[in-house]
2 protein chains.
Amino acid sequence: MSRPGGVASPLTNMENNGHVVDALVRALERRDSVSERERDALAAAVGEIRIHPAGNTLIRAHRPAEASTLLIEGMLAREFSSAVGRRQIVALHIAGDFVDLHSLLLKKLDHDVTALTDVKVALFPHVALRRLTETEPHLARMLWLLTVIDAAVHREWIARTSHSAAVKVAHLLCEMQVRLAIVGLATDQGFVLDLTQGDLADMAGLTAVHINRTLRKLRESELAIVRDGLASIPDLQKLRDFAGFDPTYLYAEQTPR
Amino acid sequence: MSRPGGVASPLTNMENNGHVVDALVRALERRDSVSERERDALAAAVGEIRIHPAGNTLIRAHRPAEASTLLIEGMLAREFSSAVGRRQIVALHIAGDFVDLHSLLLKKLDHDVTALTDVKVALFPHVALRRLTETEPHLARMLWLLTVIDAAVHREWIARTSHSAAVKVAHLLCEMQVRLAIVGLATDQGFVLDLTQGDLADMAGLTAVHINRTLRKLRESELAIVRDGLASIPDLQKLRDFAGFDPTYLYAEQTPR
DNA sequence: CGCCTTGTTGAAAACACTCAACTAGAGTGG
DNA sequence: CCACTCTAGTTGAGTGTTTTCAACAAGGCG
């Protein structure tokens, strides 16, 4: 899967979709309990499965939306690509995230959704999701909960902007670590981070040049080593203290069963 | 109602609560249609009505929440009051806003809710709201929609941070104008804005000193005159162009009936 | 009247940005 | 096999914006 250009590859839908919702269910179980029936109902609502190469724009703002996207593999971003001015990423998504569940209510999005790495996604047609919310009230509440946690993350991103560059980046790394750990993609020592410094810049609201200097500073103070597609954290608590990071806003306190 | 100190005044609940949900219903009608029954159901779910003086903290983070707050009059803010570092406001609320509807799902909030002006609020016990979502599915979807629009506003606040101070403030004023206009509290020429420059600073992520200089600049370029508790807008389109403001993210396109 | 908060302005310092040059590696095509 | 061309990362120097520190004016309130 090469970087520039490329198009989406629709895959067959004939196989069992249980594994597709694995990460999602793992994330849900950190917040509430998921019954077998609910899990099956989710898997049954999966429509198409697609693969997109890094750089692709999956969904464009202001277009009618007829499905919601579950990210299975890779990372993608929600971003404003305003005509003038530089790109601003407003949300980062990882495996198990319902990227645009809110489009079920809003009908069209106010932002684009683009792949930061090669990604694999599952599309949930709105008609199927809608029916799900009607027949499975508890599941409906959990989906509502997901959108509300999404908003909690947004708030933390807003608050982050009033801090220094180093704290911003450290905080972002802390958030990624917790979210990735929920779906088994991070340990206390670090995680795979296959993003460019430009991507990080657009998330932190900084320039790529300044991100570079900031990462060097974090490396020199032994807070976090971000290099070669890897984020290494020598001392997680030390990094969290530096960033003023408190993971409660992710509402993932419940230990998985 | 004086500024500092002061405590909440619980009012009687014996009267008809129809007018309490007026602004809320007006806001809902810009997004969907509200039936008489739904309106009555909302009014019936109102619990206590309270008045708080400016400066009061209505809700503290991390405490169990048993009711959601509808703002009837005045303005209040959701803010992180982190131990060290300055206060960051992550959301501004006006009449008709459900301030902490998300606490219905989250059980506890990640932020404080404080009054920026004297405010009048209605408390909706979670048990009543919960029952409402079960008996009125369409209303439940509209409440979900409200939390999702809330998140859309959050995203715009994130994106705002990568712009210059003047654009930030101008954009904030544009947003206020639209939201206040929805509930009849603003015209194209301006609105009552009884906040301190410190409040605006904490919303824009700037210092009070710099807000002061920025407001002067906006005044001198005849984009917006913010003074004496009033925001005057000589030319709304000009201000919007300057701010790069596009109101579609507020999803209030439907004209009220 | 004195105290407090809010608003206002100046000057210096800190921070992040811009512009620019250069390195390294991956992929391309002659 | 070797230029050639991308993209990503790195570093330096100068610029611009925002913050900090400080002082003072105006108004409300006890």
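Chain naming here is simple, since letters A, B, ... match the order of the sequence lines and numbering starts at 1 in each.
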| Are A:Q197 and D:dT10 close enough that a side-chain N or O sits under 4.0 Å from OP1 or OP2? |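 Checking A:Q197 against D:dT10: at least one side-chain N or O falls below 4.0 Å of OP1 or OP2.
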| side-chain N/O A:N212 vs D:dG9 OP1/OP2, d < 4.0 Å |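 For A:N212, the contact criterion (side-chain N or O under 4.0 Å from OP1 or OP2 of D:dG9) is not met.
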| Excluding sequence neighbours, so at least two apart, what forms side chain to side chain contact (heavy atoms under 4.5 Å, CB included) with B:K238? |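 Partners of B:K238 under the side chain to side chain contact (heavy atoms under 4.5 Å, CB included) test: B:E222, B:L223, B:D235.
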| Who are the side chain to side chain contact (heavy atoms under 4.5 Å, CB included) partners of A:A61, not counting sequence neighbours? |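 If we apply the side chain to side chain contact (heavy atoms under 4.5 Å, CB included) test to A:A61, skipping adjacent residues, the hits are A:D112.
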| message | Distance alone, cut at 3.5 Å: any donor-acceptor contact between the side chains of A:D199 and A:T196? | response |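 A pair is found: one side chain offers a donor N or O, the other an acceptor, under 3.5 Å apart.
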| task | Test side chain to side chain contact (heavy atoms under 4.5 Å, CB included) on B:D97 and B:L76 and set out the steps. | result | CA-CA 10 Å; B:D97 282 357; B:L76 50 77; over 6 Å; no
Nearest-Å distance, [atom1] ([X]) to [atom2] ([N])?
X: A:R216; N: D:dT10; atom1: CZ; atom2: P; value: 9 Å
X: A:D199; N: D:dT7; atom1: CG; atom2: P; value: 14 Å
X: B:D194; N: D:dG28; atom1: CG; atom2: P; value: 13 Å

| task | Have a look at the helix from C:dC1-D:dG30 to C:dG30-D:dC1 and give the angle its two end axes make, five pairs each, rounded to 10 degrees. | result |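 The value is 30°.
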| said: If the condition is ring pair (Phe, Tyr, Trp, His ring centres under 6.0 Å), which residues does B:H171 pass it with, not counting sequence neighbours? | reply: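 With sequence neighbours excluded, B:H171 shows a ring pair (Phe, Tyr, Trp, His ring centres under 6.0 Å) to B:F245, given in chain and number order.
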| Between B:D100 and B:T69, is there a donor-acceptor pair closer than 3.5 Å when you use the side chain of the first and the backbone of the second? |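 Yes, B:D100 side chain to B:T69 backbone: donor-acceptor pair under 3.5 Å.
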| Closest heavy-atom pair and its distance - A:Q88, A:G205 |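 Taking A:Q88 first and A:G205 second, the nearest heavy atoms are OE1-CA, 3.9 Å.
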| query | When you measure from every atom of DNA chain D, which of residues 227-234 of chain B have a heavy atom less than 4.0 Å away? | reply |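 Correct list: empty, so none.
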| About how many Å separate CG of A:D188 and CG of A:L236, when rounded to the nearest 0.5 Å? |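 Going from the CG atom of A:L236 to the CG atom of A:D188 covers 5.0 Å.
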| field | Salt-bridge criterion met for B:R216 and B:E220 (N-O under 4.0 Å) | value |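 Result for this pair is yes, salt bridge flagged.
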| query | Is a salt bridge present between A:D110 and A:R78, judged by a nitrogen-to-oxygen distance below 4.0 Å? | reply |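 Judged by the 4.0 Å cut-off on N to carboxylate O distance, A:D110 and A:R78 do not form a salt bridge.
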| How does protein contact run along nucleotides 15-23 of chain D, one letter per nucleotide 5' to 3', with B for base contact, S for sugar-phosphate only, - for none, heavy atoms under 4.0 Å? | ---SBBB--
| field | side chain to side chain contact (heavy atoms under 4.5 Å, CB included) between A:I158 and B:M203, intermediate numbers included | value | CA-CA 9 Å; A:I158 296 171; B:M203 280 182 235; over 6 Å; no
